[in-house]
Amino acid sequence: MLDIKLLRQDPDAVTAALAKRGGAFSVEAILEEDGKRRALVHEMEQLRAEQNVASQAIGAAKKAKEDASEAIAAMKGIKDKIAALEEQVRTVDAMLTDLLLRLPNLPDESLPEGLDERANREERVWGEVPEYDFEPKDHVALGEDLNILDFECAAKLTGARFCLGKGAGARLERALINLMLDMHTGTHGYTEMLPPFMVNSDSMRGTGQLPKFAEDSFKIEDTDYWLIPTAEVPVTNIHRDEILKDADLPLYYTAYTPCFRSEAGSHGKDTRGMIRQHQFNKVEMVKFVRPEDSWHELEKLTQNAEAILQALKLPYRVMTLCTGDLGFSAAKTYDLEVWLPGQNAFREISSCSNFLDYQARRANIRFKRDKKPEFVHTINGSGLAVGRTLVAVLENYQQAGGSVKIPDVLRPYMGGLDAITPS
RNA sequence: GGAGAGGUGGCCGAGUGGUUGAAGGCGGCGGCCUCGAAAGCCGUUGUGCGGUUCCCCCGUACCGGGGGUUCGAAUCCCCCCCUCUCCGCCA
């Protein structure tokens, strides 16, 4: 959520910044509601002040055994006026809040401007794109030939966009989760969390999934529970409605969770394999930091995600998302794109974002160092999307005969196994 | 799922219709005392919104959440949520 005061002070700057995202956002309507609200609140509070004074006088009179019936009768009218104003304030307030919640974050100045991913800026490339003296297979062919991934069976169990991991495939996924968590907790300084995989609507609103993107997530029927689309939701909301101590900051959390996404609107996109699934595993990193540290902390968090790819020796590049490709709540995002020989392309495997105080405002996460509480800044990123990492390992480590070498760093997690071979 | 108990300020804990934003204690902060510390003593100690000479003050709201009764509600009524105990069920 943006600061309403910023909209009041400089509506033109806000409008201009939002326009870079490509959509049409009306700041004017919000300011109109805001003005209405303030006038109503002022009027209501003046009446209340009057009422409070009168009520005290009535109390005093009754104590002194005096007749207060006239004063009581006089207050009857004011009560209805207040009630009517309360109702109006409620309506305007709800309207204003809804409008504000539907306004995305302002893109940072440093972003390249553009409407879609073609305008994203490449920051750096790591590793060498591998060359093969044979035709490399994609992960679907590899997985099925090795009998470690079964999409057909998953379709029987559930439907499209699911995958059954089998044997070494299941274990490889688990190994990757453990490697990531061990690196983040062991050398990057994060505290591991294991949150609920369902959250309520308040949490979804806190991180920005609601009210605008309800259709992207799965909701459990007859409840207020949502399947989490990312661990960002429960982990960021850990400190919802809290005032942290200055000494508590910065807080670094990491969490493994499955993620559930409806993928509404992506029909026909990435239908093959496990690139785009309704359920996938992810290890997430979430930071709560002081405002002045957030840009530096974003760089560090991005490097923490890169460290996993480097440990696995997977080639990747870092992209800065342009203004039009930026997510709703983010001010700036780096995408890590891993090289996939099966697609002959770089594909997103991590998204690391600085939200500034946007989520903190929504979720009301503050800290106190002087008199007045301040909003923290939140930062998060995938470290990494596990399913896509498994895809990358299979495709990048494939051998001529269809076997897949296990990256050195994963072998301890695989019981010493050095390769997955056709049985 | 059934029965019961309970949710009050950072924490513990009083309060059951009228200066109660809320006693008391703990903790925190400031001061006195001290060579220093502890103990002791004194003072202070929330958040949102609105107004404003913009953190100084004023107003208003907040005692799990939402409605209601009343001139007036932490206190009475209704609904919901959560926690605890017992039973049932279950991993």
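Letters go in sequence order (proteins before strands), and every chain restarts at 1. In this text, all values refer to a predicted model and were calculated from it rather than measured experimentally.
Phosphate proximity of B:A61 to A:Asn52: present, with a side-chain N or O under 4.0 Å from OP1 or OP2. Remark: A:Arg90 is in phosphate contact with B:G67, judged by side-chain N or O atoms under 4.0 Å from OP1 or OP2. Within the 4.0 Å cut-off from OP1 or OP2 of B:G46, not a single side-chain nitrogen or oxygen of A:Arg366 is found. Under 4.0 angstrom from either OP1 or OP2 of B:C49 there lies no side-chain N or O belonging to A:Arg38.
Comparing the C1' positions of B:A61 and B:A74 gives an interatomic distance of 14 Å, to the nearest angstrom. Annotation: B:G27 and B:C33 have their C1' atoms spaced 22 Å apart (nearest Å). One C1' atom belongs to B:G15, the other to B:U75, and the distance between them is 8 Å to the nearest Å. Comparing the C1' positions of B:U47 and B:G43 gives an interatomic distance of 23 Å, to the nearest angstrom.
Taking atom CG of A:Leu244 as the reference point, atom C1' of B:G28 lies 17 Å away to the nearest angstrom. Rounded to an integer number of Å, the gap from NE2 of A:His239 to C1' of B:G10 is 15 Å. Rounded to whole Å, the distance from CG on A:Leu47 to P on B:G59 is 16 Å. In this entry the distance linking CG of A:Leu96 with P of B:C49 reads 12 Å, nearest Å. Rounded to an integer number of Å, the gap from A:Asp93 CG to B:G48 P is 16 Å. Taking atom CZ on A:Arg240 and atom C1' on B:C82, their separation rounds to 13 Å, with Å as the unit. Taking atom CG on A:Asp246 and atom C1' on B:G28, their separation rounds to 15 Å, with Å as the unit. In this entry the distance linking CD of A:Glu87 with P of B:G66 reads 15 Å, nearest Å.
Using a 4.0 Å cut-off between charged side-chain N and carboxylate O, A:Glu337 and A:Arg347 make no salt bridge. Under the 4.0 Å criterion applied to side-chain N and carboxylate O atoms, A:Asp93 and A:Arg37 are assigned as salt-bridge partners. Here A:Lys368 does not pair with A:Asp246 in a salt bridge; the nearest charged N to carboxylate O distance is not below 4.0 Å.
The main-chain N or O of A:Phe280 is never found under 3.5 Å from a side-chain atom of A:Arg261 such that the two would form a donor-acceptor pair. Checked by atom type and distance alone, the side chain of A:Arg240 never pairs as donor or acceptor with a backbone atom of A:Ile365 at under 3.5 Å.
A distance of 6.0 Å or more separates the ring centres of A:Tyr252 and A:His184. The aromatic ring centroids of A:Phe260 and A:His278 lie 6.0 Å or more from each other.
The aromatic rings of A:Phe213 and A:Phe328 sit perpendicular to each other, their planes meeting at more than 60°, with 30° as the lower class boundary.
Within a 6.0 Å sphere centred on NZ of A:Lys405, other residues, nucleotides and ligands contribute 12 heavy atoms or fewer. In A:Glu292, the CD atom is crowded: over 12 heavy atoms of neighbouring residues, nucleotides or ligands sit closer than 6.0 Å.
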Can you give me the N/O atom pairs linking the protein to nucleotides 70-74 of chain B at distances under 3.5 Å, or say none if there are none?
unit_1	atom_1	unit_2	atom_2	d
B:U70	OP2	A:Lys79	NZ	3.4
B:C71	OP1	A:Lys76	NZ	3.2
B:C71	O2'	A:Ser55	OG	3.3
B:G72	OP1	A:Gln51	NE2	3.4
B:G72	O4'	A:Ser55	OG	3.2

Listed pairs, N/O of protein and of nucleotides 52-56 of chain B, under 3.5 Å:
unit_1	atom_1	unit_2	atom_2	d
B:C55	N4	A:Lys372	NZ	2.8
B:C56	OP2	A:Lys371	NZ	3.0

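Atoms OG and CG, on A:Ser350 and A:Leu384 in that order, are 5.5 Å from each other to the nearest 0.5 Å.
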Could you walk me through whether A:His239 and A:Tyr253 satisfy the ring pair (Phe, Tyr, Trp, His ring centres under 6.0 Å) test, starting with their C-alpha distance in whole Å, then the side-chain angles of each, then the deciding distance to 0.1 Å, before giving a yes or no?
CA-CA 12 Å; A:His239 295 297; A:Tyr253 295 150; 5.6 Å; yes
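Along RNA chain B, the nucleotide nearest A:Glu45 and the nucleotide nearest A:Ala60 are compared for position; the residue whose nucleotide lies closer to the 5' end is A:Ala60. If you find the closest nucleotide of RNA chain B to A:Arg48 and to A:Lys5, the one lying nearer the 5' end belongs to A:Lys5.
Heavy atoms of A:Arg369 sit nowhere under 4.0 angstrom from any nucleic acid atom.
Looking only at side-chain heavy atoms (C-beta outward), A:Val283 and A:Tyr190 stay at 4.5 Å or farther from each other.
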Given pairs defined as Watson-Crick or G-U wobble with both distances under 3.5 Å, what dot-bracket annotation applies to RNA chain B, with ( ) intrastrand, [ ] crossing, | other strand and . unpaired?
((((((((.[[[..)..(.....]]]((((((.......))))))((((((.....)))))).[[[[[..)....]]]]])))))))....
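When each of B:G50, B:G48, B:G46 is scored by its nearest atom to the side-chain atoms of A:His42, the top-ranked nucleotide is B:G50.
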